[in-house]
2 protein chains.
Amino acid sequence: MSKDSLPGLTLCNNAALRRAARKLGKFYDDVVEPSGLKATQQGLLYQIHIGDEPAMGAIAASLIMDLSALGHTLKPLIRDGYVETFADPEDRRVKRVRLTPQGLAKLEAAMKLWQIAQQRFEDVVGRDKAEKLRAALDDIAALDFDLPQATP
Amino acid sequence: MSKDSLPGLTLCNNAALRRAARKLGKFYDDVVEPSGLKATQQGLLYQIHIGDEPAMGAIAASLIMDLSALGHTLKPLIRDGYVETFADPEDRRVKRVRLTPQGLAKLEAAMKLWQIAQQRFEDVVGRDKAEKLRAALDDIAALDFDLPQATP
DNA sequence: CCCAATTAGTGGTATATGCCACTAAATCAA
DNA sequence: TTGATTTAGTGGCATATACCACTAATTGGG
């Protein structure tokens, strides 16, 4: 592999995606920051809000996130009193999650800021292009990459 | 904000991007795993490789990553002997980075696996669509989001 | 030449995220 | 019913990534 014939790093779909995520994440973070939440936290609170006291597993599945990662991410939000959990009475393995009143207030404040970031993004890239981008990203999220392994 | 009229979470460009990044990151990670590297580490070694003993700041800028984050990310690679650093003799504030021979060998092994992931991705989404996606992501990485702040 | 301002990295702290081993609860099969 | 299996979460550990305060080195005026 001679250094002179190397493809640019931009060739890697994964690297390009991560780089864009760092950039855009920082932008949304900066805009949402006055609420005291990170953009990821705002997104998580929102996901909880739109769910009907969702189980942790359901949230993790929606976000395509590891269940234990969700547990970790939830901790500061519980610590700060924005979220609370309770065992599902039907199945005590299941832990359900809901916003506290403070959590809802915090979310509403953060959503106002989020709208600014979202609007700004769409102004800059164009509403149509943004929509196409989200569709492409959702496609990726829905993909099935199964490498042909032995099917037992 | 009534729960019944809420936009789906997929409306947030940032959330969609992160979710896709988790999904794709896991795929590339899984494929590259036999090399013992994470996809992020493979990408970082590659970035170092294609640079000419790049300074940390230069790497961070290319990857649109915080300088201190880069420092942290580099540590396991240094610990494992894949990367070494040295002060730039022209400017001793600057720390340059290069691969060790073991690091180069590791990168070469990881790149073979990376190609499998990359190929599989392009087979699944289509080469053309993948290329357009990367272009869109690179556009985002290059955007200037300046919110109209006071210009002093 | 000296001091103020700028630049490059470091280390600490915090969140984001994944894996693994483990526990508890529910389910399934004999 | 009971023992094996599956399912849902937890806790520990490791990497990814950001911000901040701090240090060291360089640069730009006087």
Side-chain angles (χ1 to χ4, degrees), chain A residues 14-15 17-30 32-33 36-45 47 54-61 63-80 82-83 85-97, chain B residues 14-15 17-30 32-33 36-45 47 54-61 63-80 82-83 85-97:
Chain A
N14 186 45
L17 192 49
R18 295 189 76 89
R19 185 166 54 164
R22 284 191 294 270
K23 171 85 173 211
L24 197 60
K26 179 160 169 44
F27 171 63
Y28 275 75
D29 271 354
D30 287 347
V32 170
E33 187 273 334
L37 295 177
K38 310 297 231 53
T40 44
Q41 298 179 318
Q42 173 261 321
L44 179 50
L45 291 189
Q47 186 68 28
M56 288 189 56
I59 300 172
L63 299 180
I64 312 185
M65 165 180 298
D66 184 84
L67 176 59
S68 81
L70 173 62
H72 295 315
T73 303
L74 232 28
K75 273 185 185 146
L77 296 171
I78 294 171
R79 178 201 61 202
D80 296 341
Y82 300 143
V83 159
T85 62
F86 59 101
D88 183 323
E90 308 295 304
D91 184 340
R92 278 169 304 165
R93 287 171 307 180
V94 171
K95 197 199 260 187
R96 295 190 174 276
V97 185
Chain B
N14 187 44
L17 193 48
R18 294 188 77 88
R19 185 166 56 161
R22 284 191 293 270
K23 171 85 173 211
L24 198 59
K26 178 158 170 47
F27 172 63
Y28 275 75
D29 271 355
D30 286 349
V32 170
E33 189 273 334
L37 296 177
K38 311 296 231 54
T40 44
Q41 297 179 318
Q42 175 261 320
L44 179 51
L45 291 188
Q47 187 68 28
M56 288 189 56
I59 299 171
L63 298 181
I64 312 185
M65 164 181 300
D66 183 84
L67 177 59
S68 80
L70 173 62
H72 295 313
T73 301
L74 231 28
K75 274 186 186 146
L77 296 171
I78 294 171
R79 177 202 59 203
D80 295 341
Y82 301 143
V83 159
T85 61
F86 59 101
D88 184 323
E90 309 295 304
D91 183 341
R92 276 168 306 165
R93 287 172 306 182
V94 172
K95 197 199 257 189
R96 295 190 173 275
V97 184

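Below, chains carry the letters A, B, ... as their sequence lines are ordered, and counting in each starts from 1. The structure presented is a predicted model; accordingly, all values stated were derived computationally and were not measured.
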Looking at residues at least two apart in the chain, or sitting in another chain, which of them share a side-chain contact (heavy atoms from CB on, under 4.5 Å) with B:Ile59?
-> B:Leu44, B:Gln47, B:Ile48, B:Pro54, B:Leu63, B:Leu70, B:Val97
Grab the CG-C1' distance between A:Leu45 and C:dT15 for me, whole Å please.
-> 14 Å
Interatomic distance where CE belongs to A:Met56 and C1' belongs to D:dG9 [whole Å] = 6 Å
Verify, without hydrogens or angle tests, whether B:Asp88 (side chain) and B:Glu90 (backbone) share a donor-acceptor contact under 3.5 angstrom.
-> yes
Is the phosphate of C:dA16, meaning OP1 or OP2, less than 4.0 Å from a side-chain N or O of A:Lys75?
-> no
side-chain contact (heavy atoms from CB on, under 4.5 Å) filter on A:Thr40, not counting sequence neighbours, yields A:Lys38, B:Arg18
Grab the OH-C1' distance between B:Tyr28 and C:dG18 for me, whole Å please.
-> 19 Å
According to the side chain to side chain donor-acceptor pair (under 3.5 Å) rule, which pairs have a member within residues 68-77 of chain A, sequence neighbours left out?
-> A:Asp66-A:Ser68
Residues that A:Arg93 engages under salt bridge (Lys or Arg N to Asp or Glu O under 4.0 Å), provided they are two or more places apart | A:Asp91
Those residues that, when tested against A:Lys23, pass salt bridge (Lys or Arg N to Asp or Glu O under 4.0 Å) (two or more places apart) = none
Atom CG of A:Asp88 to atom C1' of C:dA26: distance rounded to whole Å?
-> 12 Å
CZ of B:Arg93 versus P of C:dT7: gap in Å, rounded?
-> 9 Å
Between C:dG11 atom P and B:Ile78 atom CD1, what is the distance in whole Å?
-> 10 Å
Identify the pairs formed between an N or O of the protein and an N or O of nucleotides 14-18 of chain D at a distance under 3.5 Å, and give each distance.
from: D:dT15; atom 1: OP1; to: B:Arg79; atom 2: NH1; distance (Å): 3.2
from: D:dT15; atom 1: OP1; to: B:Arg79; atom 2: NH2; distance (Å): 2.8
from: D:dA16; atom 1: OP1; to: B:Thr40; atom 2: OG1; distance (Å): 2.3
from: D:dA16; atom 1: O3'; to: A:Arg18; atom 2: NH2; distance (Å): 3.2
from: D:dT17; atom 1: OP1; to: A:Arg18; atom 2: NE; distance (Å): 3.3
from: D:dT17; atom 1: OP1; to: A:Arg18; atom 2: NH2; distance (Å): 3.2
from: D:dT17; atom 1: OP1; to: A:Arg22; atom 2: NH1; distance (Å): 3.0
from: D:dA18; atom 1: OP2; to: B:Asp66; atom 2: N; distance (Å): 2.8
from: D:dA18; atom 1: N6; to: B:His72; atom 2: NE2; distance (Å): 3.2

